[in-house]
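First up is the structure itself, then whatever we jot down about it.
All figures in this text were calculated on a predicted structure; none of them were measured in a lab.
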Amino acid sequence: MYNMEHYDEENYYMQQEDDWDRDLLLDPAWEKQQRKTFTAWCNSHLRKAGTQIENIEEDFRDGLKLMLLLEVISGERLAKPERGKMRVHKISNVNKALDFIASKGVKLVSIGAEEIVDGNAKMTLGMIWTIILRFAIQDISVEGSIVFKFLPFFLITLSLPRSLSWKDGLGFCALIHRHRPELIDYGKLRKDDPMTNLNTAFDVAEKYLDIPKMLDAEDIVGTARPDEKAIMTYVSSFYHAFSGAQKAETAANRICKVLAVNQENEQLMEDYEKLASDLLEWIRRTIPWLENRMPENTMQAMQQKLEDFRDYRRLHKPPKVQEKCQLEINFNTLQTKLRLSNRPAFMPSEGKMVSDINNAWGNLEGAEKGYEEWLLNEIRRLERLDHLAEKFRQKAAIHEAWTEGKEDMLQKRDYETASLSEIKALLKKHEAFESDLAAHQDRVEQIAAIAQELNELDYYDSPSVNARCQRICDQWDALGGLTQKRSEALQRTEKLLETIDQLYLEFAKRAAPFNNWMEGAMEDLQDTFIVHTIEEIQGLSTAHEQFKATLPEADKERLAILGIHNEIAKIVQTYHVNIAGTNPYTTINPQEINAKWDKVRQLVPQRDQALIEEHARQQNNERLRRQFANQANVIGPWIQTKMEEIGRISIEMHGTLEDQLTHLRQYEKSIVNYKPKIDQLEGDHQLIQEALIFDNKHTNYTMEHIRVGWEQLLTTIARTINEIENQILTRDAKGISQEQLNEFRASFNHFDRVSTRTVLPATLHINFSRIMSIVDPNRMGLVTFQAFIDFMSRETADTDTADQVMASFKVLAGDKNYILADELRRELPPDQAEYCIARMAPYTGPDGVPGALDYMSFSTALYGESDL
């Protein structure tokens, strides 16, 4: 092992100059090698300035390209050169170059400007060798010492064995294979084939490492001892090439890391945008359906609407509730990752913020609540309409049956040819008819009232109802007019009639009200009824029992009326009265009375059975009410208790975050295991709705309350678990200890005085207004505990910055202010290289070239400091 500390830099330069003086008469082979090597070395730097030299002693005579060479390799500006063609101008330029070399601590011995201007090849080569020593070899160090002279030391620098030889080419090949093993198969090289080895090394270095060909294989092989200075110059180019490649690899790794984070975040943003768009589109399509209040005409159609609504609540909405919850969790996770990677907060597209989705969801639930209420009201309305319509038809049919033929009867002029007794009979008959007509007045008014109510309830067949009602009213008015006219005619002839059969008259007067009572009884006994409680059906049963209690008295009246008829028959038979065979005062006969009485007695047990069945149905409804209430009164408080317990868990600091997360997940599992009870309650609620039960006095909880509470409970536990997971992610990324987290939580709880797990800006000191712009970038008006932790720990975060990424790109670009697509493809993986090329803007600086890309604006855009 050579000890480099024995060599002093300044003494070494003096020794080099002395050696050069002794070698003024160079071996011609060495001079040829140096001329070719030094020329190629100079051109490898001058090409960066867009020029080159052909003859080393001629092209440096005016000093212009010599000064340009020194500016390129040093990165510094020299004094302004003289542009004249005279010798004095050339000497001045060469002196400026030599002075610059001397300013770098290099003593030039026996090298003057005049020799360079005169084209002295030996002096020119000596000057170039001095420049190479200072700017190409001096910076190569091994364990803190500088390598100047001895090639074995340089081999150590490049991690190669010192036994390798440059002359047989194995040294050059080993040098390339050590750092780029894919370029040369070192195992196939032969020591006895130096020409192949040398040409292979020179060709590979020029093609893949951008090292110009500075040596000829023939010169090295044909020379007993190759020129050491030419060898050192060429080998130093390998050091700089491999050193630059290592820096480029480091820079590329940094860029890949940053781009990977950015690509992952972009994918998360795209996923959020798609999920938000799908959810908002579903809400947009669902709300018009829920807001459609077009009623159906039949009970069956409305029942189908109610069944469709139940399918929506059971099948379609629950997955969307999960999507909404997952959307909020993804949004919070994305924001956490952006903060941890020092990226700006994610702002969704317009109308797709979490608040926008919550607003749309609120509109959906508002429409949903109104839709369910409307459905139930419509069902009640249709039920009422069906009942009223049936009642209208029954009363109208009875009335129309009663009025049939009445107009013809009232228009008869039979009194003109009747006898006195017949006139008396006609008059009494007419009086009985007027009594009957008055008795039917209530039915006509009821028919009109029912038709009016059907119109007010918007009955779908109102036109036919109105037409029928109008016909009845018109006919009723006509009957009134005709009755009045016939009464006046009979009264005019009443004085001519004297004999009236009082028994017929009494029969008619008693039979007509009794017949009307029986028709009313039959109508009541056949009337349909709607009740919703046991009390209501009990009231109907009581009224029915009261009606049955009047039957004995009614039977006595019937027997009395039949007794009058029997008395008439007895008188006719006894006195042979000449009558038409029927009662002239009424159309009611004993057969009709008996038939209707039998009908009444037949309808009474049927009514009893209907009331018994309805009483049983109401008892079953009461059982369903109590069954639902018993479960709802347990589930409702249970949900409230779980909500409060989750709130306490998220605020109290018991154990580590992992312990809290485990506790919460166990809690979530116990809550999910409670779902069968919710489903059972849903089944009971469906039975209640199918039974058309609209109220429940045994509980204050409705199924809607339970559903909303359950959905809020699931959402709350999911959000709390997500918050703990994000806190763990932040803790691990920031290196926060459990004690620090406990301190953060205690400070946060100090401001969170109402235990909402958020802090209102008003609770913070006025000096914290600047902090709010960091912890609440979306201006939500609340500070979460996650944002509080991020702020407390962000100053210690070890994250990439835009300046670091920009510096890495500059290394890949070879210190240029722009970068080319080929350079990106050479240094970066294909997918990330194409990612950069697609997003980098063209470079517009004055030093740009075709295809130049602006990596500076791209780097700042990655961190939200500019727009791509």
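- Residue K48 comes nearest to V72 through the heavy atom pair CD-CG1, 4.1 Å, listed as atom of the first residue, atom of the second, then distance.
- Note that CE of M214 is 10.0 Å distant from CD of E206, once rounded to the nearest 0.5 Å.
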Show your working on side-chain contact (heavy atoms from CB on, under 4.5 Å) between E658 and I728 and close with a plain yes or no. CA-CA 8 Å; E658 285 76 9; I728 292 174; 4.0 Å; yes
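- Counting heavy atoms from C-beta on, the side chains of N55 and F60 never come closer than 4.5 Å.
- Here the side chains of F38 and T124 are not in contact, with every heavy-atom distance at 4.5 Å or above.
- One finds a salt bridge joining R35 and E31 here, because a Lys/Arg side-chain nitrogen approaches an Asp/Glu carboxylate oxygen to under 4.0 Å.
- Of all heavy-atom pairs between A345 and L338, the closest is C-CD1, 4.1 Å.
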Does the side-chain contact (heavy atoms from CB on, under 4.5 Å) test come out yes or no for R77 and E71, once each step is laid out? CA-CA 6 Å; R77 298 289 295 178; E71 287 184 348; 3.6 Å; yes
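- With a 4.5 Å cut-off on side-chain heavy atoms, N330 and L268 do not count as touching.
- A 6.0 Å sphere centred on CD of E350 holds no more than 12 heavy atoms belonging to other residues, nucleotides or ligands.
- Side-chain atoms of N93 come within 3.5 Å of backbone N or O of E82 as a donor-acceptor pair.
- With rounding to the nearest 0.5 Å, the separation of OH in Y835 from CD1 in I837 is 13.0 Å.
- S808 contributes a side-chain N or O that, together with a main-chain N or O of Q804, makes up a donor-acceptor pair within less than 3.5 Å.
- Contact record, I111 with L98: O-CD1, 4.3 Å, taken as the closest heavy-atom pair.
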L183 vs K207, side-chain contact (heavy atoms from CB on, under 4.5 Å): CA-CA, chis, key distance, verdict: CA-CA 10 Å; L183 298 181; K207 182 176 180 181; over 6 Å; no
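- Using a 4.5 Å heavy-atom cutoff, the side chains of P830 and R825 are not in contact.
- With respect to D99 and K96, no salt bridge is recorded, no charged nitrogen being found less than 4.0 Å from a carboxylate O.
- With hydrogens and angles ignored, the 3.5 Å screen pairs no side-chain donor or acceptor of R839 with any backbone N or O of F858.
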Could you go through Q335 and N332, starting from their C-alpha distance and side-chain angles, then the distance that decides it, and tell me whether this counts as side-chain contact (heavy atoms from CB on, under 4.5 Å)? CA-CA 5 Å; Q335 297 293 45; N332 294 334; 5.6 Å; no
For a quick test of your reading: what N or O donor-acceptor pairs under 3.5 Å do the side chains of residues 194-204 make, sequence neighbours left out?
from: T196; atom 1: OG1; to: D193; atom 2: OD1; distance (Å): 3.1
from: T196; atom 1: OG1; to: D193; atom 2: OD2; distance (Å): 2.6
from: N197; atom 1: ND2; to: D168; atom 2: O; distance (Å): 3.1
from: N197; atom 1: ND2; to: R190; atom 2: O; distance (Å): 2.7
from: N197; atom 1: ND2; to: D193; atom 2: O; distance (Å): 3.2
from: N199; atom 1: ND2; to: M195; atom 2: O; distance (Å): 3.2
from: T200; atom 1: OG1; to: T196; atom 2: O; distance (Å): 2.7

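- Scanning both residues, S74 and F100, for their nearest heavy atoms gives OG-CZ, 3.5 Å.
- When side chains are defined from C-beta on, I131 counts as touching W41, because their heavy atoms get closer than 4.5 Å.
- In this structure, the side chain to side chain contact (heavy atoms under 4.5 Å, CB included) partners of T333, at least two apart in sequence or on a different chain, are I329, K337, N722, N726.
- With values rounded to the nearest 0.5 angstrom, L862 atom CG is found 10.0 Å from M806 atom CE.
- Using modelled atom types, no side-chain atom of T37 and backbone atom of Q34 make a donor-acceptor pair closer than 3.5 Å.
- The side chain to side chain donor-acceptor pair (under 3.5 Å) test applied to S277 returns K352, not counting sequence neighbours.
- Atoms CG and CG, on L69 and L78 in that order, are 10.0 Å from each other to the nearest 0.5 Å.
- Here the OG1-CD1 distance, from T130 to I101, works out to 7.0 Å after rounding to the nearest 0.5 Å.
- Between Q263 and Q832, the closest side-chain pair of non-hydrogen atoms falls below 4.5 Å.
- Residues forming a ring pair (Phe, Tyr, Trp, His ring centres under 6.0 Å) with Y855 (at least two apart in sequence, or on another chain): F809.
- Comment: K274 engages D278 in a salt bridge, judged by a side-chain N to carboxylate O separation of less than 4.0 angstrom.
- Judged purely by atom type and a 3.5 angstrom limit, T39 has no side-chain atom pairing as donor or acceptor with the backbone of K36.
- Contact annotation: the side chain of Y186 approaches that of L170 to within less than 4.5 Å [non-hydrogen atoms, C-beta and beyond].
- Residue pairs meeting the salt bridge (charged side-chain N to carboxylate O under 4.0 Å, His left out) criterion with at least one member in residues 808-820, sequence neighbours excluded, are K816-E823.
- Rounded to the nearest 0.5 Å, atoms CD1 (I724) and CG (L657) are 5.5 Å apart.
- Taking all atoms of both residues into account, the shortest heavy-atom contact from L64 to P81 is CD2-CB, 3.6 Å.
- Identified under the ring pair (Phe, Tyr, Trp, His ring centres under 6.0 Å) test for residues 812-831, with sequence neighbours left out: Y818-Y843.
- For the residue pair E54/Q52, the side-chain donor-acceptor check at 3.5 Å is satisfied.
- Put simply, the side chain of L46 reaches to within 4.5 Å of the side chain of I53, judged on heavy atoms.
- Smallest separation of non-hydrogen atoms from L828 and A833: CB-CB, 4.0 Å.
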